[in-house]
Amino acid sequence: MSAILPGATLGMLGSGQLGRMFAIEARRLGYRVHVFSPDSDTPAGEVANASWIAEYDDEDSLKEFANTVDVVSLEFENIDVQALHVLEQYVPVRPGPLTLHTAQHRAREKTALRNMGLATAPFHLVHSADELSRAQQELGEGILKTAAWGYDGKGQQRLSPQADAKSVWQNFGTDEAVFEGLVKFRCEFSVIGVRTEAGDMQLYGAVENAHANHILDVSLAPAPSVPESAVQRAQEMTRVVMEKLDTVGVLCIEFFLDEHDEPIINEIAPRPHNSGHLTIDAHYVCQFEQQVRAICGLPLGTTQQRQPAAMVNLLGDLWPVHGQPNWVAALSNPLVKLHLYGKQDARPGRKMGHLTALGDSVAAAETTAQSARQSLLER
Ligand code: AMP
């Protein structure tokens, strides 16, 4: 396979912040970027050379888009794989349908992982109140999740062992869900891998993640609570997943560290990940540049980290009713970097941007990042 060289046009399915950060790196490397999504006025569209605004099942538009680009990647997994099959007739799609199809359905994903011999939370696929009740009897306390199309904790409900399956199922509003047993974890962390079509692979170190209301809140790297043996095991598991799914591009695995310090896979994202945003400022080569390199068949960059780092997400809740957060106060510490995604409408829970701080230790970086975020509220 010959490499897709700078000057070529890279296609991106999805137009949110992940597509935006990809487009920034791609343009820095001398590529052109076209994004495809149903939305107008988007974070990625602001940075791209061209935006295609059409539904993912609009085959004519997909074909026209494919004919303007040299390769297609994605930043969003809630896309019907049929779109990838259409595009593949005209242009390489990386990652391809197998990775996407596996990652976008929780039961399919967990079954595939088990078949690879990798640990996941215990689970049952449920289609009715009776099936949910049986799953509760077997697994006790757990979390009911929509089988597909969920993100950031949407379509999830924690159930006590006594929860009434009938009323929960009636209100849950889906015909297919996964009920997972509750994993008692010491912490949550993620590993990001990148792989080329030739099978070359690089793995980042572990990033420790804390969530608030099911949305990522803080990421720390190197992960302070994850022993080195667990990091290595998780990296090995990530390697296995990318090889078995023949993934080309970037893939993130979210893990629980269980009571025995063993990594248990929570879920796979077949794309760059929020927990990898700190690689932009803390690593020689960030996850988005790696995505460009991988899909273009260029040599991969190092995953080496330059300095301990912390990232805090900035949700719409931080915005005052009138005006803006106090950017001047947040940036008064010179070790703080600000990333905003160009979103106009600051709704509660909406990811608007993030702050990254570097430090001599992860603890110092976290203190800096947290206080910078806090200072956004100063009036
Ligand atoms: P998810 O959307 O599957 O990543 O879930 C969002 C968050 O809910 C995770 O990051 C965990 O904090 C929590 N969670 C999800 N599944 C489980 C589980 N089986 N056991 C314990 N906590 C969970």
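Heavy atoms only: backbone and side chains are in, while hydrogens, waters and symmetry mates are out. In listed order, ligands and their atoms are each counted from 1.
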Inset, instruction - For Gln156 and ligand 1, answer yes if some heavy atom of the residue is under 4.0 Å from a ligand atom, otherwise no. - result: yes

Legend entry - Cation-pi geometry met for Arg271 and Phe76 (6.0 Å, 45°): no

Legend entry - Side chain, backbone, both or neither: the part of Val183 lying under 4.0 Å from ligand 1 by heavy atom: both

Legend entry - Ionic contact status for Lys166 with Asp164, cut-off 4.0 Å: no

Inset, instruction - Check the pair Lys343 / Glu46 against side chain to side chain contact (heavy atoms under 4.5 Å, CB included), numbers first and verdict last. - result: CA-CA 10 Å; Lys343 298 179 183 177; Glu46 259 191 1; over 6 Å; no

Legend entry - Contacting atoms of ligand 1, where contact means under 4.0 angstrom from a heavy atom of His211: 10 (O)

Inset, instruction - Work out whether the distance between some heavy atom of Gly181 and some atom of ligand 1 is less than 4.0 Å. - result: yes

Inset, instruction - Could you tell me which atoms of ligand 1, counted from 1 in the order shown, lie closer than 4.0 angstrom to a heavy atom of His214? - result: 6 (C), 7 (C), 8 (O)

Legend entry - Basic-acidic side-chain contact under 4.0 Å: Arg106, Glu109: no

Legend entry - Contact atoms of ligand 1, heavy-atom distance to Glu180 under 4.0 Å: 16 (N), 17 (C), 18 (C), 19 (N)

Inset, instruction - Enumerate the residue pairs fulfilling salt bridge (charged side-chain N to carboxylate O under 4.0 Å, His left out) with a member in residues 117-133, sequence neighbours excluded, ordered by first and then second residue. - result: none

Legend entry - Which segment of Asn209 sits under 4.0 Å of ligand 1 when only heavy atoms are counted: neither

Inset, instruction - Examine Phe185 against ligand 1 and note whether any of their N/O atoms are separated by less than 3.5 Å. - result: no

Legend entry - Numbered atoms of ligand 1 (with element) below 4.0 Å of Leu182, judged on heavy atoms: 20 (N), 21 (C)

Inset, instruction - Please report the C-alpha distance between Gln287 and Met21 in whole Å, then the side-chain angles of each, then the deciding distance to 0.1 Å, and finally whether the side chain to side chain contact (heavy atoms under 4.5 Å, CB included) criterion is met. - result: CA-CA 9 Å; Gln287 61 172 350; Met21 290 181 266; over 6 Å; no

Legend entry - For Arg106, the ligand 1 atoms whose distance to one of its heavy atoms is below 4.0 Å: 2 (O), 3 (O)

Legend entry - Exceeds 12 heavy-atom contacts within 6.0 angstrom, atom NZ of Lys337: no

